[in-house]
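Working notes for the structure below.
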Amino acid sequence: MICFENVSYSTSGIDIINNVSFKLKKGCFTALIGANGAGKSTLARLCNGLLKPTSGSVSVGGFDTALVRTSRIAKFTGFLFQNPDRQICKNSVRDEIRFSLECVIEDKTEIGIRCEKTLQEFSLNGDRDPFSMSRGERQRLVLASILAAEPELLLLDEPTTGLDYRECMHIMECVSRVNKKGATVLMVSHDMEVVQDFASEVMVLNDGSLLAHGRTKDIIRNEPLLARASLLPPQITELAIRLGGGYENAVTVDDMVLSVKKHIRGAE
Amino acid sequence: MGGFLDYSPGNSFLHRLNPIVKIFLSLMICVSCFITDSPFFCIAIIFLNIVMAASAGILPRALAMLRTLIKFCTFLFLIQVFFIRDGTVLFSLPFDIYVTDKGVMFSLMMAFRLVGATLPLALMLSITKMNDLSNVLVGTLGMPYKYAFSLTTAIRFIPVFTAEMAGIMEAQTARGVAFDTKNIFRKIGLIFPLCVPLLITSVRKIEGAAISAELRGFNCRKRDSGYKSYPFRAADIGIILFAFALAAAGAFSPF
Amino acid sequence: MIRISGLSFKYEGGRDDALKNIDMTVCKGDFLGVIGSSGAGKTTLLHAINGIIPHHFHGDYYGSVKVNGLDTVDNKPEDLAGRVGSVRQDFESQMVSSVVEDEILFGLENFSVPRNTIEKRLTDALEKTGIKNLRERNIATLSGGQKQKVAISAIIALMPDILILDEPTGELDPQSSRQIFQLLRELNENHGITIVVVEQKIMLLCEFARKLAVMNCGRVILQGRVSDVLKKSRDMERAGVNCPRVVTLADRLRDEGLYDGAIPVNIPEAEKMVRSIMG
């Protein structure tokens, strides 16, 4: 779905991305992690052509981003930003979703059908004024308007920052659902627990270079690697690493309880 | 780094001038541009602006601004030059469109004045801390602090809003709004709805800034609250005289 | 220190009470974390402490808030500012200057701090927050974590007894977030400043705060020492607040009848817990 070949990006003389190459397969759920300033947001913006590489090439769904307009790529790509207020520009929830659909499809009746379907799916009230909703609700509206267009690729730039736990889970469950239906997801995130729970692959970015790209369970256990990106493993994983002997594979609370029980039985 | 109007730190001769003098100098440069009839004088002024920018270490920014201004002024020049009908015809085009010597002269002066008058204010604001500016407006000129603060806050918010607008454009492009269209009128039509999110964000940010200022004792401030003092030195007096001389030269330039 | 009794507040034009009958005491030297889902009234509570409510935002106000004995209804925010310093969300828009030094001077000048002590107050504030080296820097060139420290420093310069912060790590990465909380701990332990911090990152609160208050729909539903509040993890989850996973683990082990000790709040304590079960 996405293919980076020796991509570098620099702006006003500063290198942000250094010679990054990777491939993301269709249908995967990849998390992009790293400290602030590592270039995560830049990398996400290179994926849909908002930024064009200084050297190297990026191809998305078969298009070279340097050769096609971003609005063309947007027809099959959704991008959820951290701040929903930069997208919302209509006075009602329904109009906001319609506007998103109008950008990517032309058939008027189809737009109407999809709009109503989306309202129902996300249990949104179409007549509400987006600006009277809470930040979490607005983020959900923006996600809904993006998903209404049924994108094949979903890019998320710290989608849950500033949200409370419940809102965060709401957003992530929606994302997970479209991923299961076949959409490819690339998510920039700081929250290692969200990464652990939802992503199947992880890329670690540090100072513009790709440090690692692999399966989630391998990466989140690699403490030295995470430390280089100033991150810590999620709690249970860290606990498992510290405990060693027989606990190494515990990832979730359930795993941990099982391991403890097994240990006690073994001791008896 | 640092965008348009962001403070650019330094310790050059111009940086060290009294903020009032900086503003006065830039205003007088504007004035001299408008009262002169000489294109050569205007060119000299533009050159002076560039030299001043170079001496304050902001040459790249000045050149970038100059480039934008020249583009804009070329556009204005082309529009204006066909509208002035009197004077000797220099050359004519079909459909009764022609260009006269007066037209060229007038449009050229307009373009020069615009460049010469826009540059100095922007340059001076780039090398003046907003706090210093509001402090002298209050301390030396006796402007009420509320007005001075509003003024400097408005200037300070320009880059904030520019960044916000860029973010909004980005978000809208990503959802498929075709800002990358070549048709300029279509583009303007697309940008218009974006004023809504910008307005909402602006109101929210300004409200936040107001509360923060209130919590930090904004309402307690008195005229002499400023900690730093801004004495007039010999260099300041010299620059004031120079500014007057410049305006006089503009008024009586012989060419 | 801070005594809130029977406080209810409804914003002008609001449909529901934003705060409902709140009773809360914050003692000198406390480090209190406030958590709750969005719309629970956390920011409103902070506004009630620093006097923004009822002086800037009006509405129906019942009960009383006393800060160091001063009633917030009778004293304006600027009168309270010397006692309670507020660091607000979105530090970008609360900055008034382009240079760090000027940002800190702003408050000092406003309160007409005597000129001969200003320099000392300024350097003290920079020292306490560990950003002396940033004094001459242009704020626009700083990282998010550094900007937040500047914002805190500007408030510390006013020498408040109490520091209240609204989601100070909202836009920071995990490492800078920890640094901010380490700074808060230093201010609390070494300089005796009382801290009240609204924060979504429960793990930071468990590690750094000593007391915890959980809010839901305008009410404070749980408050007390961190370890005591965490015992009610089910109530917290009902209020839309997640618990650290080691706490969930302890709950589960307790349900299985395997563990009956103190609730662990960080990894070393959790390790101790598991090892104690294994004997």
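Throughout, a chain's letter reflects where its sequence line sits, starting with A, and its residues are numbered from 1.
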Discussion item. Please determine whether the number of non-hydrogen atoms from other residues, nucleotides or ligands lying under 6.0 Å from atom NZ of C/Lys20 exceeds 12.
Written reply: yes
Practice prompt. Check each atom of C/Asp102 against the heavy atoms of chain B and say whether the ones under 4.5 Å are side chain, backbone, both or neither.
Written response: both
Practice prompt. Rounded to the nearest 0.5 Å, what's the gap from OG on C/Ser98 to CD1 on B/Ile155? Could you check?
Written response: 11.0 Å
Discussion item. Counting only heavy atoms not in C/Arg135 (residues, nucleotides, ligands), do more than 12 fall under 6.0 Å from its CZ?
Written reply: yes
Worksheet, complete the sentence: If you tally heavy-atom pairs under 4.5 Å between each of C/Ala81, C/Ser97, C/Gly107 and chain B, the highest tally belongs to C/Ser97
Fill in: Interchain contact, C/Asn138 with chain B, by part (heavy-atom threshold 4.5 Å)
side chain
Discussion item. Is C/Gln89 in contact with chain B via its backbone, its side chain, both, or neither, using a 4.5 Å heavy-atom distance?
Written reply: neither
Discussion item. So for C/Glu119, is it side chain, backbone, both, or neither that comes closer than 4.5 Å to the heavy atoms of chain B?
Written reply: both
Discussion item. Does C/Leu105 form a side-chain contact (heavy atoms from CB on, under 4.5 Å) with B/Asn131? I'd like the steps, not just the answer.
Written reply: CA-CA 10 Å; C/Leu105 273 177; B/Asn131 287 50; 5.7 Å; no
Worksheet item: Which bit of C/Leu80 is near chain B, if near means a heavy-atom gap under 4.5 Å: side chain, backbone, both or neither?
Response: neither
Worksheet item: When only pairs under 4.5 Å are counted, which of C/Glu136, C/His47, C/Met95 shares the most heavy-atom pairs with chain B?
Response: C/Met95
Worksheet item: When only pairs under 4.5 Å are counted, which of C/Arg115, C/Glu103, C/Arg137, C/Lys76 shares the most heavy-atom pairs with chain B?
Response: C/Arg115
Practice prompt. Flag yes if more than 12 heavy atoms outside B/Phe161 fall under 6.0 Å of its CZ atom; otherwise flag no.
Written response: yes
Worksheet item: Would you call B/Arg216 and C/Glu109 a salt bridge, using N to O less than 4.0 angstrom?
Response: no
Fill in: C/Val96 versus chain B, the contacting section by heavy-atom distance below 4.5 Å
both
Practice prompt. Select one option (side chain, backbone, both, neither) describing which atoms of B/Glu164 are under 4.5 Å from chain C's heavy atoms.
Written response: neither
Practice prompt. Check each atom of C/Arg88 against the heavy atoms of chain B and say whether the ones under 4.5 Å are side chain, backbone, both or neither.
Written response: side chain
Discussion item. Between C/His56 and B/Glu207, does the side-chain contact (heavy atoms from CB on, under 4.5 Å) criterion hold? Intermediate values first, please.
Written reply: CA-CA 10 Å; C/His56 188 100; B/Glu207 168 87 10; 3.3 Å; yes
Worksheet entry | Test of ring centre spacing under 6.0 Å for C/Phe111 and B/Phe218 | no
Worksheet item: CG/C/Asn110 to CZ/B/Phe149 distance, rounded to the nearest 0.5 angstrom?
Response: 8.0 Å
Worksheet item: With respect to chain C, which residue among B/Ala210, B/Cys220, B/Gly217 yields the maximal number of heavy-atom pairs within a distance under 4.5 Å?
Response: B/Gly217
